[in-house]
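Per chain, numbering begins at 1; letters A, B, ... match sequence-line order. Just so it is clear, the model here is predicted, and its values are computed rather than measured.
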Amino acid sequence: MERGAIPIADLSGGLDLQATLESGQSYCWRRDDGRAYEEPFATGGDAWYHTVVGGDVIRARQLDGFLEWESTTDADPLVRELLRLDDDLDAIVAGTPDDPLIDAAYDAFRGMRIVNDPAFPTMISFICSAQMRVERIHRMQIALAETFGEEINANGRTYQAFPTPERLAAASEGELRELGLGYRAPYVRETARMIADGERHPTEARGLPYEEARDHLTEFVGVGPKVADCVLLFSLGHLEAVPLDTWIQTAIEEYYPDCARGSYAATSRAIRERFGGEYAGYAQTYVFHYLRAGLDP
DNA sequence: TAGATACCTTATAG
DNA sequence: ACTATAAGGTATC
């Protein structure tokens, strides 16, 4: 295993690894201790987490001002990329419009970063997220990896990669339902098949203008505008995407009623503008986590 | 094109 | 114990 330590003092805006990984934006990392992410998130800010990317295992934890990592490869650049450590978070916060709710959320969890997860696992996990609680979404992804994922042995431990599109496409609907996916099972299967067959791929949305990118992603089965926004924000670098989930919808009614426009597309445009445009997704993720933690007055 | 409804499964509230 | 309700929505009509 190779190792490294990234000084957090060098990162604009700092880092809160636990908030980053346990705030419900990423389902690609697991705690080494096997603890499920509790609501709103588990205690223990110095826990080890691990993920598998491209056949390599990466472990990471935050301790004493450093982000420590261990990996089967030289993971320094990969860790920076996956956790968007080079985002100028101070500048992003400074550039966000003054707003009591956003300010409070930024103050509460400063250092939380938007993740940059691989596209396929992100798309599947957010298809699974429909009408689900965060902790259960995690368990579903773990079940998928343990059932259909390739095993990787590293440093005397076995890890499971997230399944390939081909493997999930080959699973039966019944097998997926047995893992607790419910009505999402055929969505996962069909979207996996579309990708495995090369009909289209989520990463094609990376270079498109935001709304075109969102429309592109909704071609996948089980992917509506909300899930598309999650994939754009947490995997494809569209930091202006603001997923309109139940928490944000409620916040719009309560704090930004003038942004409620009836349709998803129109409300999306209004709230993106209110949240500062280019980096509106950062504000969304902080507000989401803040509301879910029950910190709003 | 906007609006209503069904949908798996689990956890929690009453 | 038992029913109602809601959980990071989407597809269908």
Is it true that [X] and [Y] have a side-chain N and a carboxylate O under 4.0 angstrom from each other?
| X | Y | result |
| --- | --- | --- |
| Glu273(A) | Arg269(A) | no |
| Glu211(A) | Arg272(A) | yes |
| Arg84(A) | Asp87(A) | yes |

What contact category does [X] fall into here, base, sugar-phosphate, or nothing, at under 4.0 angstrom with non-hydrogen atoms?
| X | answer |
| --- | --- |
| Glu190(A) | nothing |
| Gly222(A) | sugar-phosphate |
| Gly224(A) | sugar-phosphate |

[N] [atom2] sits how many Å from [X] [atom1], rounded?
| X | N | atom1 | atom2 | result |
| --- | --- | --- | --- | --- |
| Met140(A) | dG9(C) | CE | C1' | 12 Å |
| Arg133(A) | dT12(B) | CZ | C1' | 7 Å |
| Glu135(A) | dA6(C) | CD | P | 20 Å |
| Leu181(A) | dG9(C) | CG | P | 16 Å |
| Tyr264(A) | dG8(C) | OH | P | 15 Å |
| Arg189(A) | dC8(B) | CZ | P | 15 Å |
| Tyr27(A) | dA7(C) | OH | P | 14 Å |
| Arg184(A) | dC7(B) | CZ | P | 14 Å |

**Request:** Check whether the side chain of Tyr187(A) and the base of dG9(C) form a donor-acceptor pair under 3.5 Å.
**Result:**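 It does not, because no donor-acceptor pair links the side chain of Tyr187(A) to the base of dG9(C) below 3.5 Å.
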**N/O donor-acceptor pair, side chain Arg136(A) with base dT9(B), under 3.5 angstrom** =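 Between dT9(B) and Arg136(A), which were checked side chain against base, a qualifying N/O pair under 3.5 Å is present.
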**Item:** Watson-Crick/G-U partner (both atom distances under 3.5 Å) of dG8(C)
**Value:**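 Across any shown strand, dG8(C) pairs with none.
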**Request:** Just name whichever nucleotide pairs with dT3(C), Watson-Crick or G-U, keeping both distances under 3.5 Å, else none.
**Result:**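 WC or wobble partner is dA13(B).
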**Request:** State whether the aromatic ring of Trp247(A) stacks on the base of dG8(C), taking stacking to mean ring centres under 5.5 Å apart and ring planes under 30° to each other.
**Result:**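 Stack criterion not met.
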**Request:** For Thr285(A) and for Phe220(A), locate the closest nucleotide of DNA chain C by heavy-atom distance; then report the residue assigned to the nucleotide nearer the 5' terminus.
**Result:**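 That would be Thr285(A).
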Same-atom distance ([atom1]) from [N] to [M], integer angstrom:
| N | M | atom1 | answer |
| --- | --- | --- | --- |
| dA6(C) | dA6(B) | P | 16 Å |
| dA13(B) | dG8(C) | P | 14 Å |
| dT5(C) | dT5(B) | P | 14 Å |

**Aromatic centroids of Tyr106(A) and Tyr290(A) separated by under 6.0 Å** =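 Ring centres of Tyr106(A) and Tyr290(A) not closer than 6.0 Å.
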**Message:** Hydrogens and angles aside, do Arg214(A) and Ser268(A) bring a side-chain donor and acceptor to less than 3.5 Å of each other?
**Reply:**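 Result is yes, a qualifying pair exists.
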**Request:** Evaluate the side-chain proximity of Met140(A) to Leu144(A): yes if any heavy-atom separation is below 4.5 Å, no if none is.
**Result:**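 Not touching, per the 4.5 Å side-chain cut-off.
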**Prompt:** According to a strict under-4.0 Å criterion, is Arg139(A) in side-chain N/O contact with OP1 or OP2 of dA11(B)?
**Reply:**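 The answer is yes; a side-chain N or O of Arg139(A) sits under 4.0 Å from OP1 or OP2.
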